[in-house]
Amino acid sequence: TTPTASPVFTVCPPVKSLSIKKDGGYVDIAQVGPEDLAKLVQGQQGFESSITFYASATSTDEAFFQRAIQAANFATPAGTISETHSMLFSFNLNGTTENFVLMKGTRAKSVSIKMAIGQPHEITIDFVHTDIIVPITTANAGLTTPTFVTTFNAGAIHDWLSGGVSPVSVIGTVLDCTEFNATINRNTAPDYTLGNAKPHSSQPHGRRISGDFKNLYTVTTQETNYATPTSGTITAVLSTGVSTLTISNASLVTFGRDAGADDTEATVESIGFKGLAC
């Protein structure tokens with residue numbers, strides 16, 4: 001259902017990269033005779049994008065991330081993947097004229113977060129859209145004119161120190177983690193109808209949560225949880241008192257540990273997990 005109210009524009013988190021993909025895939029040409037060709041037909045037009053950003057200590061950043069990972073809720077769609085949104089950005093074409101690109105009917109396809117030593121928390125979201133317009137010089141692109149913010153995001157960037165001295169807890173045990181990764185796949189796919197090259201709509205199809213982490217081999221708890229299948233909650237504090245990623249009904253699905261005589265580092269466990277909700 002298309003909302004009737006005017007769209008709400010929010011400032012995107014500090015962006016590292018943005019990629020856009022348009023794929024209209026023509027049907028393969030079939031040769032009928034020496035000079036005759038058949039079946040040169042444009043197929044479905046797909047619209048996708050990918051954005052990588054650093055979460056900062058602002059409410060809009062958290063909302064941007066939450067929208068991509070929260071469960072679908074068609075009865076109350078606001079702030080969840082059930083509510084589509086539009087993304088708008090601008091650039092100077094030929095270095096002179098500001099052009100605007102509007103991506104409509106936006107829903108997350110997959111989202112991942114990486115927490116690593118010496119780095120800011122990096123979040124990547126892959127989106128599907130019902131349309132990505134050709135760049136135009138009109139800012140509002142037919143929608144309510146947004147208010148543009150001309151200053152950079154001033155919020156503190158969440159990094160490897162933001163979550164405190166022990167930011168990761170797995171099934172009741174606080175670990176000495178060296179790296180944490182999580183992926184929430186929304187399996188969002190566009191819906192097509194006869195007579196329309198562009199998608200009619202899109203829908204998420206099941207939330208699949210998985211990830212992995214590495215920790216110093218200081219306890220045997222997780223090896224026990226793996227050997228004797230135990231499910232529980234995984235929490236990763238992105239920033240103390242600001243945001244925590246919680247994955248419930250999680251189970252450990254892979255376990256590895258490497259040690260060698262010539263190693264210059266401590267023994268590290270590498271563990272993979274899957275979860276039910278986040």
K274 and S251: side-chain contact (heavy atoms from CB on, under 4.5 Å), yes or no, with the steps? CA-CA 6 Å; K274 289 187 177 181; S251 297; 5.9 Å; no
Might you confirm whether atom NE2 of H205 has over 12 heavy atoms from other residues, nucleotides or ligands at distances under 6.0 Å? yes
Single hit among T221, L175, N215 for side-chain contact (heavy atoms from CB on, under 4.5 Å) with V170: L175
Test side chain to side chain donor-acceptor pair (under 3.5 Å) applied to D126 and S110, S50, S19, the passing residue: S50
Rounded distance (nearest 0.5 Å) linking atom CG of N225 with atom CZ of F255: 10.5 Å
Under 4.5 Å between side-chain heavy atoms, counting indirect links through other Ile/Leu/Val/Met/Phe/Trp/Tyr residues: same cluster for V101 and F64 or not? yes
Here the pair of heavy atoms bringing G163 nearest to T240 is C-OG1, 3.4 Å
Smallest heavy-atom separation, R207 atom then I184 atom, equals CG-CG2, 3.6 Å
Once rounded to the nearest 0.5 Å, what's the spacing between atom CD of Q70 and atom CZ of R186? 9.0 Å
What one should report as the nearest heavy-atom pair of S202 and G105 is OG-O, 4.4 Å
Gap between atom CE of M103 and atom CG of L18 - 0.5 Å precision: 5.5 Å
Looking only at heavy atoms, which two atoms of S162 and I157 are closest? And how far apart? OG-O, 3.9 Å
Nearest heavy atoms of V237 and M115, plus distance in Å: O-CE, 3.7 Å
Does CG in N187 sit with more than 12 non-hydrogen atoms of other residues, nucleotides or ligands closer than 6.0 Å? yes
Return the orientation label for the F273 and F180 ring planes: parallel under 30°, perpendicular over 60°, tilted otherwise. parallel
Smallest heavy-atom separation, D258 atom then T267 atom, equals O-CG2, 3.5 Å
Just checking, is any N or O donor in the side chain of N73 or T80 under 3.5 Å from an acceptor N or O on the other one? no
Hey, are T246 and T235 close enough side-chain-wise for a donor-acceptor pair under 3.5 Å? no
Got more than 12 heavy atoms from elsewhere within 6.0 Å of NZ, K21? no
Side chains of T106 and H129, donor plus acceptor under 3.5 Å: yes
